Amino acid sequence: MKKYNFNAGPSMLPREVIENTAKQILDFNGSGLSLAEISHRAKDFQPVVDEAEALVKELLDIPDGYKTIFLGGGASLEFCMVPYNFLVKKAAYLNTGTWAKKAMKEAKLFGEVVEVASSADANYTFIPKGWTVPADADYLHTTSNNTIYGTEMRKDYDVPVRQICDMSSDIFSRPVDVSKYDCIYAGAQKNLSMAGVTIVIVKEDALGKADAVRKIPTMLDYRTHVEKGSMFNTPPVVPIYTALENLRWIKAQGGVKEMDRRALQRADMLYSEIDRNKLFRGTVAEEDRSVMNICFVMNDEYAELEKPFFEFATSKGMVGIKGHRSVGGFRASCYNAQTVEGVQALIDCMKEFESNH
């Protein structure tokens, strides 16, 4: 039976990316050594980092003055590194979900934090509108896509301050105006690579401003990694290589504009079925629906069918569709590697289950 991977992260990767990585794990570039056992300073590995950085710049149309670095620690470490490096007096945060809230908690250790808006009272079922950012804030921090609740900001805001964004679960899925940001970061295990590497895009002339208020530990200073080209300490070699293969794949498929087209197509298919099918309903405001993480539940009158549907879908090869424990129901994560075939298979499950009940 064919399996369809809807896991929220670590998530589905293109098959050729997995296969190419596997080949290099067995024998990296004909060296007779595994990618998993070579030194990050081996002459054959530096070109991997160089090409990956070049592809990030090309695919996201990054202007001059930015540097891409590959770090460990996941987005959770960036929750700390961002205020360490950028918060001088005051930071503004838009609270749209669990990860935004965690980022805000860390920032409070370093200075004043203003919550410009929150949808927590509505269990994060929408993206707040009509908020303002203090003009004296050092930055506005946002979380572009909310994996747990299924909301997404599909635009770059126009605000009077520089922006920092956690794009862990939708980076490379749509065009982004990088020039509006001082820093973009993303844990790679949702839309770029396997777990173990974090991509950070940072504006070089934005660094160093926090020196007046604090000393930054060497490992937590972005300048350390910019200056050393991600090689200050041993980087996660295999995940970086997988990221390179995935960046090559995205380019070969037509770049982020094509990823955006496919994402919208998949989302339209699945949301249309959710809205049509009498058994199910979406969980968030329609105008804020994520195209990466599509969340839905049983309609109230069919609540007792939640477990039977999960078991039925699992028996049909659907993997990872159970919703986060804080939301319940179901979540179909449709990152770049997800196919129309996979989404159609889930839709067919929903239709068959409806006809049976």
Side-chain angles (χ1 to χ4, degrees), residues 2-22 52 56 59 70 72-76 78 97-99 143-152 154 166-174 184-199 236 238-250 253 256 258-260 262-267 269-271 289-296 310 313-314 316-327 329-346 349:
K2 185 169 184 177
K3 297 294 183 71
Y4 298 96
N5 186 351
F6 291 95
N7 277 314
S11 62
M12 181 180 183
L13 288 167
R15 188 65 190 177
E16 66 188 73
V17 170
I18 296 171
E19 291 175 351
N20 290 342
T21 300
V56 171
L59 290 169
F70 301 94
S76 293
E78 300 309 309
T98 297
W99 304 114
T143 305
S144 56
N145 184 74
N146 300 286
T147 55
I148 292 175
Y149 303 96
T151 60
E152 185 178 12
R154 291 189 51 79
D166 175 1
M167 294 189 183
S168 290
S169 49
D170 65 351
I171 196 167
F172 297 109
S173 71
R174 60 181 176 87
I184 293 170
Y185 63 91
Q189 71 274 13
K190 298 180 185 298
N191 219 12
L192 180 61
S193 182
M194 64 178 74
V197 67
T198 307
I199 184 173
V238 176
I240 291 174
Y241 182 83
T242 303
L244 170 60
E245 286 287 354
N246 205 18
L247 290 165
R248 288 171 172 169
W249 178 84
I250 292 171
Q253 298 299 306
V256 293
E258 174 61 15
M259 296 298 104
D260 188 34
R262 294 182 186 184
L264 292 170
Q265 178 187 16
R266 292 188 301 260
M269 289 172 60
L270 188 48
Y271 281 124
R289 284 174 164 179
S290 170
V291 302
M292 295 284 100
N293 306 100
I294 298 173
C295 298
F296 57 102
F310 176 75
T314 300
K316 295 289 187 177
M318 305 303 119
V319 177
I321 65 165
K322 194 169 187 179
H324 191 271
R325 59 185 177 277
S326 62
V327 178
F330 309 98
R331 172 175 56 180
S333 295
C334 297
Y335 301 121
N336 284 346
Q338 187 56 262
T339 63
V340 168
E341 176 195 359
V343 172
Q344 187 60 53
L346 177 56
C349 277

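Values below: every heavy atom of this structure, side chains too, minus hydrogens, waters and symmetry copies. Keep in mind it's a predicted model, so treat the numbers as computed, not measured.
Taking the ring pair (Phe, Tyr, Trp, His ring centres under 6.0 Å) definition, one finds that Phe6 meets it with nothing, sequence neighbours left out. Among residues two or more places apart in sequence or in another chain, the side chain to side chain donor-acceptor pair (under 3.5 Å) test is passed with Ser144 by Asp170. Here Ser326 pairs with His324 under the side chain to side chain donor-acceptor pair (under 3.5 Å) rule; sequence neighbours left out. Asp166 meets the side chain to side chain donor-acceptor pair (under 3.5 Å) test with Ser168; sequence neighbours excluded.
In this structure, the side chain of Ser169 does not engage the main chain of Lys190 through any donor-acceptor pair within 3.5 Å. Side-chain atoms of Arg266 come within 3.5 Å of backbone N or O of Cys334 as a donor-acceptor pair. Side-chain N or O atoms of Thr198 include one that pairs as donor or acceptor with a backbone N or O of Gly74 at under 3.5 Å. With hydrogens and angles disregarded, no donor-acceptor distance shorter than 3.5 Å links the side chain of Thr242 to the backbone of Ile18.
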Show, in sequence, the C-alpha distance, side-chain angles and deciding distance for Phe172 and Met259, and conclude whether the side chain to side chain contact (heavy atoms under 4.5 Å, CB included) test is met. CA-CA 7 Å; Phe172 297 109; Met259 296 298 104; 5.9 Å; no
Applying side chain to side chain contact (heavy atoms under 4.5 Å, CB included), run through Asn191 and Met167 and close with a yes or a no. CA-CA 10 Å; Asn191 219 12; Met167 294 189 183; over 6 Å; no
Checking Arg331 against Ile148 for the side chain to side chain contact (heavy atoms under 4.5 Å, CB included) test, could you report, in this order, the C-alpha distance in whole Å, the side-chain angles of both residues, the deciding distance, and whether it holds? CA-CA 8 Å; Arg331 172 175 56 180; Ile148 292 175; 4.2 Å; yes
Check the pair Thr98 / Tyr149 against side chain to side chain donor-acceptor pair (under 3.5 Å), numbers first and verdict last. CA-CA 9 Å; Thr98 297; Tyr149 303 96; 3.2 Å; yes
Checking side chain to side chain contact (heavy atoms under 4.5 Å, CB included) for the pair Arg154/Leu264: CA distance, chi angles, key distance, verdict? CA-CA 11 Å; Arg154 291 189 51 79; Leu264 292 170; 3.8 Å; yes
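No side-chain heavy atom of Tyr335 sits less than 4.5 Å from a side-chain heavy atom of Ser173. Using a 4.5 Å cut-off on side-chain heavy atoms (C-beta onward), Pro14 and Asn246 make contact. Looking only at side-chain heavy atoms (C-beta outward), Trp249 and Leu13 stay at 4.5 Å or farther from each other. The closest side-chain heavy-atom distance from Tyr185 to Ile171 is not below 4.5 Å.
Counting all heavy atoms, side chain and backbone alike, Ile294 lies closest to Ala267 at CD1-CA, 3.8 Å. Between Ala8 and Asn293 the shortest heavy-atom distance is CB-ND2, 4.4 Å. Scanning both residues, Ala195 and Pro10, for their nearest heavy atoms gives CB-CG, 4.2 Å. For the pair Pro239 and Ser193, the tightest heavy-atom approach, listed with the atom from each and the gap, is O-OG, 2.7 Å. In plain terms, the two heavy atoms of Ser11 and Asn5 that are nearest each other are C-ND2, 4.1 Å. In terms of heavy atoms, Asn7 sits closest to Gly320 at OD1-CA, 3.2 Å.
Legend: salt bridge (Lys or Arg N to Asp or Glu O under 4.0 Å) pairs involving residues 332-346, not counting sequence neighbours, sorted by first then second residue: Lys2-Glu341. Among pairs with a residue in residues 316-327, those fulfilling salt bridge (Lys or Arg N to Asp or Glu O under 4.0 Å) read Lys316-Glu352, at least two apart in sequence or across chains.
Of the inter-residue distances, the one linking Glu258 atom CD with Gln253 atom CD reads 7.5 Å to the nearest 0.5 angstrom. Remark: Asn146 CG to Glu152 CD distance equals 9.0 Å, nearest 0.5 Å. Atom CG of Leu192 sits about 12.0 Å away from atom CD of Glu245, to the nearest 0.5 Å. Interatomic distance, CZ of Arg289 versus CZ of Phe296, reported as 11.0 Å (0.5 Å rounding). Going from atom OG1 of Thr143 over to atom CH2 of Trp99 covers 10.5 Å, rounded to the nearest 0.5 Å. Going from atom CG of Leu247 over to atom CD1 of Ile199 covers 6.5 Å, rounded to the nearest 0.5 Å.
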